[in-house]
Amino acid sequence: MIMASTNDMGPLSLENFRNNLSASWRVVGLKTSNATYQLNQPETHLRQEKQKEKEGKSSVGLPQWTDSPVKLARRLIEKRMAKRAAELVKQDDEVIVKLEDLAIERSKSVDSAVLGKYNIWRKENENENADSTVRLMRDQIIMARVYLSIAKMKNKLDLYQELQTRLKESQRALGEATSDADLHHSEHEKIKAMGQVLSKVKDQLYDCKLVTGKLRAMLQTADEQVRGLKKQSTFLSQLAAKTIPNGIHCLSMRLTIDYYLLPPEKRKFPKTENLVNPSLYHYALFSDNVLAASVVVNSTVLNAKDPSKHVFHLVTDKLNFGAMNMWFLLNPPGKATINVENVDEFKWLNSSYCPVLRQLESATMKEYYFKAGHPSTTGASNLKYRNPKYLSMLNHLRFYLPQVYPKLDKILFLDDDIVVQKDLTGLWAVDLHGKVNGAVETCGESFHRFDKYLNFSNPHIAKNFDPNACGWAYGMNIFDLKVWKKKDITGIYHRWQNLNEDRVLWKLGTLPPGLMTFYGLTHPLNKSWHVLGLGYSPSIDRTEIENAAVVHYNGNMKPWLEIAMTKYRPYWSKYVKYNHPYLRNCKLSEWSS
C-alpha cells in the first residue's frame with residue numbers, strides 16, 4: 001500500500017497509519033525499539049476502541065463498521081489527487097492568463113488595416129452571427145432541392161410545384177449576394193415563406209435514408225464541379241501567362257508599321273564596330289516582346305558605371321523585327337551600343353544542322369505539340385506543352401552562341417523577364433576555373449536537383465548523371481565562348497537532343513538539356529547576382545530582392561501581365577517609359593500593366 005501510494009502521489013508519511021491502523025494489523029519487532037513502543041501504543045488504543053464499538057453496537061443496535069486498510073489507503077490517495085488536481089488547475093489558469101496577455105500584446109502590433117477581419121483571434125467578436133441570413137438562405141435552397149427530388153419521386157405534384165416556386169424566389173433573392181448587406185430588406189419574408197414550406201414538406205416526405213442519399217449525391221456533384229473549376233482555373237492561368245496583352249500587341253503593330261515607312265538609310269544603328277570588339281561588355285538578349293526587352297536594356301544601362309562599354313545583341317523573330325528596331329531607333333540606350341537581328345535570317349540554322357528544327361518538322365512532333373486530344377497532354381498540361389516558346393528557335397538559340405557571335409570571347413546571356421539593378425561588369429572578372437557557364441544554383445535541401453528535370457529510369461540518364469546534382473538557373477549566365485568551342489558544347493547539346501527525339505529523357509524546355517550539356521562545366525555564382533521567383537513566389541524577402549544585381553520574374557506571373565504580383569511589379573515598371581507617345585496611344589500605363 002505504501003509503495004502504491006508513493007508511486008501515485010509521492011512520499012507517504014507513516015503518521016497516517018499510526019493514527020488510523022485497523023485492529024487486524026499487528027506490529028512485529030524488537031520490544032526495546034522506539035518504533036515498537038510507539039506503534040504498540042496505537043495498537044492498545046485501537047483494541048480499546050474496538051471493545052467500545054462492540055459495546056456501542058449492542059446497546060444502540062446500529063452497525064458501526066471500521067474501515068479496512070485498503071479503503072484508508074484509497075481515501076488518502078483520493079485526497080492527495082484532489083489536492084494535486086487543484087494545484088494543476090490553478091497553474092493552468094495562470095498559464096492561460098499569461099497566454100491571453102501575450103496575445104493581447106501581439107495584437108497591438110498587427111496592422112488591422114491590412115488584415116481586416118482576419119485578426120489573430122479568428123473570430124468576429126463584434127458580430128458572432130455575421131451574414132447568418134445568407135447562410136440560412138443557402139441552407140434552405142439546399143434542402144429545397146433535396147425535397148424537390150423526393151416529391152417528384154413520390155409523385156407529390158402539389159408539394160413539388162410549391163417547392164419549385166419558393167426555390168426560384170429564394171434563388172432570385174439571393175442572387176450573387178455574399179453578405180447580409182447585399183440582401184434587400186424584404187428577403188426575410190421569403191425566408192419565412194420558404195421555412196413554412198420546408199416544414200410542411202418535412203412532415204409529409206421526410207425519409208432519413210432518402211434525404212441522406214440525396215445530400216450525398218449533391219455533395220459528390222459539388223465535388224466534381226470544384227475539381228472541374230480547378231482544372232479550368234489552371235488552364236486559364238496558363239493561357240493568361242502565354243498570351244500577349246492587347247497593349248503590347250498594339251505597340252508592336254504600330255512600331256512595325258512606322259519602321260517600314262522609314263527610308264532604308266534611317267534603319268541602321270550607330271557604332272556597329274563595337275559589335276565585334278571583345279574588350280567590351282557584350283549581352284545576348286533573345287526576345288519577341290518589345291516592352292520586356294526595353295526594360296532589360298534600360299535597366300542595364302541606367303545601372304552601368306560606364307554605359308559606353310556595353311553592347312547589346314538583340315535577336316527577335318521576323319514578326320517583331322520591325323517593332324524591335326523601331327523602338328531602339330527611337331529610344332537609343334544612351335552611350336551603349338545595340339543591334340537587332342532576325343533569327344529567321346540565320347541561314348545556317350536549318351533542320352539539317354539543328355536537331356530541334358528537324359524534330360519540329362516531323363509528323364509525330366507536330367501531333368504531340370498541336371493535337372489537342374493527345375493522350376499524354378490533355379487539359380492544362382496540353383497548353384503548357386504547346387507554349388510557343390518551346391517551339392521557337394529564339395528559345396533554343398542559347399545553345400548556338402559561338403556560332404552567332406564567333407568573334408567574342410565572353411558574353412552575358414539575359415532573359416527578357418529580368419530587371420538589372422546593379423552594374424554587371426564584375427561578372428566578366430569572375431574566374432570560372434575553366435568552366436563554360438557561370439550561373440546561380442537553385443537547389444535547396446531537396447529542391448531543383450537533376451531528378452526533378454530528367455528521367456532517371458532511362459539508362460542514358462542514370463549512367464551519366466547524378467540525380468542529386470544541383471540545378472542552376474537560366475536567365476543570367478556568363479559564358480566563356482573560348483572554352484565553349486574547345487569543349488564543343490553545341491555538339492554535346494546536339495547529341496542529347498538527338499537521343500530525346502521521342503521525349504523519353506525530358507519533356508520540354510531548354511533547362512533540362514542545358515543541365516545535361518553543361519554538366520560538370522558550370523561554375524556557381526554568388527546568389528546575390530541573380531534572385532529568382534518573382535513570377536511565382538509571394539514570399540521572397542524584400543532585402544534579398546533589393547540587394548540583388550538581377551531579379552528574375554520566372555514563372556507565369558510576368559510583370560507585364562494582369563496576373564502579376566502587385567508587390568513585385570514596381571521593380572520592373574520603374575524602367576518602363578509610360579509617358580512615351582507610343583505607350584500612351586496603346587493605352588499602356590502602370591495601372592493597366
Side-chain angles (χ1 to χ4, degrees), residues 274-286 296-297 299-313 336-337 397-402 404-444 448-450 469-490 492-493 510-511 514-534 543-552 554:
N274 289 342
L275 298 175
V276 292
N277 185 349
S279 64
L280 300 178
Y281 304 112
H282 293 265
Y283 299 84
L285 174 60
F286 308 145
V296 175
V297 174
S299 63
T300 305
V301 172
L302 289 176
N303 289 288
K305 293 178 181 177
D306 186 358
S308 64
K309 294 184 178 180
H310 294 255
V311 182
F312 295 91
H313 301 264
T337 304
L397 197 59
R398 64 192 69 191
F399 294 105
Y400 300 94
L401 291 175
V404 182
Y405 311 111
K407 295 184 179 181
L408 301 183
D409 297 333
K410 274 190 176 182
I411 197 165
L412 184 66
F413 171 79
L414 298 176
D415 271 342
D416 64 358
D417 55 352
I418 63 102
V419 174
V420 177
Q421 301 186 130
K422 293 183 180 180
D423 181 73
L424 299 180
T425 54
L427 285 167
W428 276 263
V430 173
D431 185 0
L432 298 182
H433 301 283
K435 306 293 178 65
V436 181
N437 175 25
V440 169
E441 293 183 331
T442 56
C443 57
H448 297 288
R449 298 188 181 273
F450 272 42
C470 190
W472 45 266
Y474 267 127
M476 190 214 71
N477 308 78
I478 184 75
F479 289 110
D480 188 326
L481 300 184
K482 284 186 174 180
V483 182
W484 183 308
K485 294 171 188 175
K486 291 179 182 177
K487 302 286 186 181
D488 189 22
I489 296 300
T490 304
I492 296 173
Y493 164 67
T510 53
L511 182 56
L515 296 175
M516 299 163 72
T517 301
F518 296 102
Y519 184 62
L521 298 170
T522 299
H523 174 73
L525 298 175
N526 188 291
K527 291 186 181 295
S528 64
W529 279 112
H530 186 190
V531 169
L532 299 105
L534 278 71
T543 305
E544 188 179 358
I545 294 173
E546 293 177 351
N547 290 336
V550 169
V551 290
H552 195 170
N554 57 311

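- A distance of 6.0 Å or more separates the ring centres of Y474 and F518.
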Exercise. May I have the step-by-step check of side chain to side chain contact (heavy atoms under 4.5 Å, CB included) for V296 and Y283, ending in yes or no?
Key: CA-CA 10 Å; V296 175; Y283 299 84; over 6 Å; no
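- Open room surrounds NZ on K309; 12 or fewer heavy atoms of other groups in view lie less than 6.0 Å from it.
- Atom CE of residue M476 and atom CG of residue L532 lie 9.0 Å apart, to the nearest 0.5 angstrom.
- Annotation: the span from F286 atom CZ to D416 atom CG amounts to 11.5 Å, rounded to 0.5 Å.
- The CG atom of N477 lies 13.0 Å from the NE2 atom of H523; values are rounded to the nearest 0.5 Å.
- Interatomic distance, CG of D417 versus CG of N554, reported as 6.5 Å (0.5 Å rounding).
- Within a 6.0 Å sphere centred on NZ of K485, heavy atoms belonging to other residues, nucleotides or ligands number more than 12.
- Ion pairing between R398 and D415 holds under the 4.0 Å rule for side-chain N and carboxylate O.
- Between Y281 and H310, the ring planes are tilted. Angles from 30° to 60° get that label.
- For the atom pair CZ of F399 and CD1 of I492, the computed distance is 11.5 Å after rounding to the nearest 0.5 Å.
- Around NZ of K487, the count of heavy atoms belonging to other residues, nucleotides or ligands within 6.0 Å does not exceed 12.
- Atom CD1 of I545 sits about 13.5 Å away from atom NE2 of H552, to the nearest 0.5 Å.
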Under 3.5 Å donor-acceptor pairs involving side-chain atoms of residues 404-414, not counting sequence neighbours:
| from | atom 1 | to | atom 2 | distance (Å) |
| --- | --- | --- | --- | --- |
| K410 | NZ | W428 | O | 3.2 |

